[in-house]
Each structure stands twice: as C-alpha cells, then as structure tokens.
Protein chains: 2
Amino acid sequence: MTQPRSATIKDVAAAAGVGIATVSRVFSGTGSVSAATRERVLAAARELDYRPSALGRGLKLRRRGGIGLIVPDVTDPFCAELVAGVLACARTLGEHVIVDAAHGDPAREAEILDRLVEQRVDGVIAVPAGREADWRAAARVCSSVVFADRVLPGLPEIPAVLADDAGGVRSLVEYLVGLGHRTIAFLGAAPPGVPREEPGTPLGVRERAFRDTLAQLRVPVEEDLVVAARPAGDAAYAAAAGLLQRRADVTAVLAAGHLLGEAAVLVARELDLRVPADVSIAMVDDVAWAELCDPPLTAVARPARDIGYRACELLLRDRARRGRGGPVLLPTELVVRGSCGAIRTARAPGRGTPRHP
Amino acid sequence: MTQPRSATIKDVAAAAGVGIATVSRVFSGTGSVSAATRERVLAAARELDYRPSALGRGLKLRRRGGIGLIVPDVTDPFCAELVAGVLACARTLGEHVIVDAAHGDPAREAEILDRLVEQRVDGVIAVPAGREADWRAAARVCSSVVFADRVLPGLPEIPAVLADDAGGVRSLVEYLVGLGHRTIAFLGAAPPGVPREEPGTPLGVRERAFRDTLAQLRVPVEEDLVVAARPAGDAAYAAAAGLLQRRADVTAVLAAGHLLGEAAVLVARELDLRVPADVSIAMVDDVAWAELCDPPLTAVARPARDIGYRACELLLRDRARRGRGGPVLLPTELVVRGSCGAIRTARAPGRGTPRHP
DNA sequence: GCCTCCCCTGGAAACGATTCCATGTTGTTT
DNA sequence: AAACAACATGGAATCGTTTCCAGGGGAGGC
C-alpha cells in the first residue's frame with residue numbers, strides 16, 4: 001500500500017543520483033564501485049525497500065536459477081526425506097526448489113515437467129513415474145535432468161542416484177535364512193509404482209535380489225510366496241491378508257516397501273499372529289514407525305536424504321562428472337530390531353483365524 | 001545439443017513467416033488469429049521445440065506466478081500433509097510452488113523469505129517461526145502472505161488458517177476425564193517450536209485449553225504434571241522419562257504433538273508400563289504410526305491437508321475475503337483407538353523400574 | 001608537463017515476451 | 001457502389017536487469 005509498484009533499479013538510481021549501471025554493479029557484485037557511491041546506493045535502496053527482481057536478471061542471463069523436483073508423493077516418508085535432502089543441498093548452493101507431486105501419473109508428470117521447462121529452471125530432479133518419451137523430450141529441451149531412487153530403463157544417458165536395493169534385500173534375506181527361515185514370503189513383487197505386468201518393465205530389482213539370494217543359498221523359491229502388490233494401502237492389505245491366510249506355514253514375510261510392511265503388520269495383528277514368535281516380519285525402508293511398532297520392525301534403511309542430496313549435487317555441481325559410470329549407488333543398512341526371530345517351535349495350530357470373526 | 005539456445009518467439013515467428021505479435025497471440029490465447037495462421041505457428045513451434053519463457057512473460061506482466069511455501073520441516077508428517085494440501089490447491093489453479101524448510105530458525109526463515117521476494121512469487125504461505133519484524137517487512141514488500149497452522153501474535157492483519165487445537169485438546173481432556181482419569185499429565189507445555197520462556201510468547205493454545213478444560217471439569221491442575229518440552233526427539237524423550245519416573249501416579253499422558261507422543265510411547269515401553277492398563281496415552285496429531293502402535297494410539301486428528309489447501313485458496317482465490325473476521329479455524333477430530341482405558345485397578349507397585357537396568 | 005594507465009561511471013543495447021496502435025483485408029449494410 | 005465494421009496482422013514500445021563500451025578524471029612515471 002506504500003508503493004503501488006515495487007521500486008526498480010531505475011528508482012534507486014534516481015534516488016541515489018547515479019546511473020542504473022552503477023546500481024546494478026553494487027547489487028550484482030561485479031565491477032568496481034567506490035565505497036562512497038556504494039553506500040549512497042545501498043542507503044537509497046534501503047529507503048525504497050528495493051529488491052532486485054529475479055525476472056529481469058534471469059531474462060538477461062538467460063537462466064533463472066532454481067531447480068525442479070518431482071516426486072510421487074510428498075507425504076510418503078521416503079519421498080519427504082528425499083525432498084529434505086534436495087532442499088539441504090540446494091540451500092548450500094543458493095538455489096530454490098520448485099516441488100510437485102506426480103502421484104504416479106505419467107500425464108501429470110509430463111504436465112509438471114512442462115511447467116518446469118516453461119519456468120526455465122536450471123535442472124530437474126525426478127523420481128520418474130513413466131513415459132520415457134516425455135523424459136527424452138525433456139532432456140532435449142531442459143538443461144539437465146537427474147533421476148533419483150528410480151530409473152527409466154530406456155534412458156541410460158540420464159544420470160541417476162539410487163539406493164543399493166539389491167544389496168539391502170540380499171542382506172535381509174541372508175539374515176532371515178541365517179535365523180533358520182526357509183518359507184519366506186516376498187510381498188510386493190513389482191518395481192515400486194509399476195505393475196509387474198506392464199510390458200517392457202523389468203522385474204523389480206528387489207524381487208530379483210530376493211530370488212537370486214535364495215537361489216544362492218540353495219533355498220527353493222516358491223512362486224506362491226512371491227506376491228505381487230501395489231504399494232498402496234488397500235491393495236497392500238489385501239495382498240498381505242491373502243498371503244497369510246492362504247499359507248499358514250509362512251515363517252517370515254519380507255515386505256518390499258513400508259506400505260507393504262504396514263499392511264503385513266496390520267494383517268498379522270488382525271490374524272492374531274505373534275511377531276516374531278508366529279511370523280517374522282521385515283521390510284525395505286526404515287521409516288519412523290518401524291521403531292514404534294511392538295515389536296520394533298527390522299528394516300533395510302535406504303538413505304533417502306542422501307539420495308536427494310547427491311542428486312542435487314550431481315545436478316548442480318558435478319556437471320562434468322555426470323553420466324559417467326552409470327548410476328550412483330548409495331549403500332543401504334540392515335537395521336535389526338525385534339520383529340524377526342529364530343525358528344524354534346512349531347507353528348501353533350488354529351492360526352489364520354481372524355481375531356474378530 | 002540440438003540447439004545451443006532454446007528457441008525464442010522470434011525464431012518461431014521467422015520459421016512460420018509471421019510477426020512475433022502473432023505468435024504471442026497464438027500462445028497467450030488473447031486476440032484473434034486465423035485458423036490457418038495458428039496452425040502454421042503451432043507447427044513451427046513444434047518443429048523448434050519452442051516453449052514460451054515464463055521470464056519474458058513475467059517481466060512484461062510484472063508478476064511471475066508461483067507461490068512460496070515455508071514450513072519448519074518437510075519430513076514432519078504434519079508438515080508434509082500441509083505441503084500436499086498446498087500443492088493440490090496450487091495445481092488446480094495452475095500455479096507452481098517453491099518449497100523450503102526453515103527448521104525453526106528465524107534467520108533462515110528471513111533468508112528464504114528474501115529469496116522468495118526476489119523471485120517475485122505471487123504470494124507466500126508460511127508456518128512462521130518468529131521475528132515479527134521480518135514478516136512485517138515482508139508483508140509490505142511482498143504481494144501477500146498467509147499463515148498456516150501458527151500465527152505471530154503481533155500480526156493480526158495477516159490472514160491465517162489454523163486447526164482448532166483448543167477444541168481438539170478440550171475433547172481429548174473431556175474424554176480422559178470421562179474415563180475416570182484425574183491425574184493427567186500434559187507433555188509439551190509450550191507453543192510448538194517456541195520455548196515457553198521466550199518473552200512475549202503467549203502460552204501455547206493447547207496448554208491453555210488443557211488447563212481451562214480441567215478447571216471447567218473441576219479437576220485440579222497440578223503444575224508438576226504440566227511439563228514443558230520442545231517437540232524434538234531427545235528433549236521430548238527426556239521430558240517424558242522425567243515425568244513418568246517422577247510421578248508414578250500419573251494415569252494418563254496427553255502429548256501435545258506427535259514427537260512428544262512418540263517419546264511417551266517409547267518411555268512407557270522402556271519402563272515396562274502397559275498401555276492402557278498402567279497408563280493411558282493420547283496425543284495431538286494423528287500421524288500414520290498412531291494406528292500401527294500396539295495398542296493403536298488415540299489422537300486428535302488435525303486437518304493438515306485441509307489447512308494447506310485452504311491457505312492456498314485464501315492466498316490466490318479469496319483475495320477479497322482475506323483478513324476478514326480473523327483466522328480461519330478448521331475443526332479437529334478425536335480419533336479414539338485403544339491407548340486410553342478406564343481406570344479400574346490400582347497401579348501395580350514396582351513400576352518405574354527400567355526394563356533393562 | 002605530458003602521456004599512460006587504471007578506476008569509476010553512465011549510456012545504450014540486449015534478453016523474451018506482451019500489447020497498444022496502425023494498417024491492410026475482408027464481408028456486410030445502406 | 002460506397003461506406004463502415006470487424007477481423008487479421010506486423011511494428012514498436014515496454015518490463016527490470018546485465019553488460020559492453022566509451023569517456024572522464026586522478027595518479028604515477030618519464
């Protein structure tokens with residue numbers, strides 16, 4: 001209400017009695033300005049509440065700082081950590097971040113991407129949902145793209161930062177087999193967010209690691225125990241319930257994601273299964289509630305924050321190093337808590353009956 | 001690599017054999033263009049991978065769409081939901097969102113705000129951390145500001161969207177008293193993120209509601225049971241442990257936030273207290289793990305997503321209605337689960353001894 | 001005393017889009 | 001047939017900033 005329009009560089013120049021070039025030099029730090037003049041300019045700017053406009057600057061410099069970040073869902077704990085990592089890194093580099101959620105919808109993702117290109121961000125970090133064509137086009141137009149947590153199979157030239165999911169699942173399977181488990185179920189047999197049946201989609205890295213590790217340990221893989229499930233509330237619950245009711249002899253469940261783990265915990269409770277006495281449960285993704293469960297859940301911790309941080313670094317700092325040597329793999333860590341036990345006693349009969357029939 | 005610089009409106013105009021004004025009209029939708037010309041322009045644009053630059057447009061229109069969102073921490077489930085709400089609303093209005101986390105640091109908040117002003121966003125939504133002066137200055141310079149979830153006491157003219165925390169705490173206290181509890185502890189006696197001792201800071205709305213409701217129900221408030229605690233991991237845990245060890249006669253704990261609730265649950269488990277037999281626990285904020293706890297936690301659900309959505313609406317749509325009639329209050333809901341029980345038996349002796357001494 | 005060099009400084013031309021205004025080109029009405 | 005309205009189009013100014021270029025002035029070296 002004080003000024004109808006905010007002050008421009010011209011106003012400051014007039015107020016300070018100097019040329020606009022001098023004001024620009026004071027604020028952009030380039031060139032040399034005498035101390036007296038600088039002080040006069042700063043005083044005038046303060047007086048007028050002047051803030052340089054990123055619009056004018058961006059237009060002239062043909063780039064307008066800032067990066068775009070596309071995740072499936074900001075409320076997902078893993079994604080939230082990833083976002084936090086990107087924000088932390090962007091902050092150190094003085095960049096801002098435009099965040100949006102695609103909710104696994106390729107059309108929405110393309111839309112967001114369009115908008116980011118229009119905004120002329122310096123680069124885009126994405127947990128991609130699909131549609132390689134969109135990303136191929138984006139990579140042509142947009143300055144640069146880095147994938148995080150997932151890749152698109154047809155785009156090996158786009159740098160990526162991933163968690164070592166295979167290693168995580170392997171150590172978890174080894175741990176379970178070491179405890180004596182032989183009848184281990186895998187809940188979530190599909191790459192996250194992508195139905196297994198989709199043509200051209202590779203089997204999920206986690207499922208492959210599950211199968212490979214069991215094979216290596218000479219434990220037969222029962223197809224009946226490898227359950228496809230989308231990582232969404234209802235679908236996950238249904239899959240977990242189906243599994244545990246169908247196969248009363250399962251001694252351990254490996255959930256491929258935290259939503260699937262949540263479903264497993266809830267179903268086990270509903271079926272009155274004691275954890276870990278009746279069934280051991282472990283999952284990929286060490287989210288906050290894993291520690292609050294009773295018993296606390298054993299999980300593979302994936303470095304979500306680091307993934308975000310590294311992706312941002314890769315995008316903005318290590319431009320030279322980008323694309324060399326395939327995706328960056330960040331290590332996972334097996335966090336052993338109380339939800340997995342050694343096989344001791346035979347399973348109690350009568351299990352599988354819902355607590356509230 | 002195809003083009004060194006992305007195509008501009010001039011390139012498109014040249015390629016289509018028309019003037020730049022015509023191209024602009026085609027893309028901005030204003031004015032009239034013959035169908036044939038429009039088609040030629042669109043074809044040329046497609047050929048050149050042309051995307052209008054928001055920089056040029058923003059400069060001319062003296063506004064550059066987009067809104068800023070400042071939250072304490074994107075990994076906090078409540079904040080994440082709030083962000084999701086803002087994103088959802090912004091999407092319907094075709095705006096993008098610059099998100100950043102202030103981590104409760106007023107200096108950092110001011111820095112972010114500076115950057116947003118520099119970016120000339122259309123408006124800012126914030127969960128403010130402090131320093132009214134900064135916000136007063138921002139409100140003068142920046143187009144518009146809306147507070148979410150919290151307000152700054154000295155700035156009643158800035159519109160705000162809040163949860164009805166007082167109502168939520170009241171219904172929770174009434175519920176606990178109704179179950180027979182008389183020795184109820186309040187964990188987190190300070191406005192979220194602001195130390196109680198800070199001069200000029202009002203007592204937290206939740207604490208006041210706690211006291212008022214108890215008084216109204218003629219239950220005396222013991223100062224010893226109103227425990228100040230910052231909602232951070234260690235501090236919360238220490239406060240909860242101190243409380244439950246000091247006062248073995250507490251029958252119910254009301255945690256003022258989800259981090260405090262988490263602490264209460266962990267401490268209760270550590271001290272071998274059965275929930276709800278030995279102690280009832282309830283908290284403000286219904287986060288995902290509340291349902292996964294054993295027993296599931298009774299909580300006051302605050303509409304985080306709606307708060308974000310409404311705040312965004314208020315910022316962008318209801319400009320006219322802004323500031324009228326004080327802050328918007330959104331209702332909370334008491335979600336009763338299994339963590340609060342009626343008082344039946346005397347407390348078991350010997351409690352208060354850590355499980356692992 | 002003069003020349004050169006360097007430091008400050010201001011003018012003006014970009015940057016990419018919108019938009020007013022003027023100009024042509026139709027189609028319609030009297 | 002003439003006049004006028006409506007539409008289609010291009011030119012040019014404009015937005016706020018950076019930056020090149022040129023010019024002025026003081027200091028130092030010969």
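Order of the sequence lines fixes the chain letters, A, B, ..., with proteins taken first and strands second; residue numbering starts at 1 for each chain.
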Any donor and acceptor pair, going by atom type alone, linking the side chain of [X] with main-chain N or O of [Y] inside 3.5 Å?
X      : Y      : answer
A:R150 : A:F147 : no
B:R115 : A:G94  : yes
A:R51  : B:V117 : no
A:S28  : A:S24  : yes

Degree of bending, the helix from C:dG1-D:dC30 to C:dT30-D:dA1 (end axes from five pairs; round to 10°):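 Terminal axis comparison yields 50°.
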Could you tell me if the side chain of [Y] sits less than 4.5 Å from the side chain of [X], heavy atoms only?
X      : Y      : result
B:L162 : B:L330 : no
B:V12  : B:V41  : yes
A:T37  : A:V26  : no
A:I67  : A:I98  : no

Among residues 10-24 of chain A, which contact DNA chain D at a heavy-atom distance under 4.0 Å?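 Those residues are A:I20, A:A21, A:S24.
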Anything under 3.5 Å between a protein N or O and an N or O of nucleotides 5-8 of chain D, put it in a table, one pair a line.
unit_1 : atom_1 : unit_2 : atom_2 : d
D:dA8  : OP2    : B:S32  : OG     : 2.7

Take atom [atom1] of [X] and atom [atom2] of [N], then tell me their distance rounded to the nearest Å.
X      : N      : atom1 : atom2 : answer
A:L55  : D:dT14 : CG    : C1'   : 14 Å
A:L48  : D:dG16 : CG    : C1'   : 15 Å
B:K60  : C:dT18 : NZ    : C1'   : 6 Å
B:R57  : D:dG16 : CZ    : P     : 17 Å
B:F27  : C:dG16 : CZ    : P     : 15 Å
A:Q119 : C:dG16 : CD    : C1'   : 14 Å
B:L59  : C:dT18 : CG    : C1'   : 10 Å

Touch check for A:L61, heavy atoms < 4.0 angstrom, all strands: base, sugar-phosphate only, or nothing?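 Touches sugar-phosphate only.
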Applying a 4.0 Å non-hydrogen cut-off, can you work out what B:R51 is touching in the nucleic acid: base, sugar-phosphate, or nothing?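 If one applies the 4.0 Å heavy-atom cut-off, B:R51 turns out to touch the sugar-phosphate alone, with no base involved.
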Does [X] pair with [Y] as a salt bridge, N-O distance under 4.0 Å?
X      : Y      : answer
A:R305 : A:E81  : yes
A:E313 : A:R310 : yes
A:R317 : A:E95  : no

Is it the case that D:dG10 (base atoms only) and B:R25 (side chain only) share a donor and an acceptor within less than 3.5 Å, ignoring hydrogens and angles?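 Indeed, a donor on one side and an acceptor on the other fall under 3.5 Å apart.
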Reading DNA chain D from 5' onward, which residue's closest nucleotide shows up sooner: B:R40 or B:R120?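 The 5'-side residue here is B:R40.
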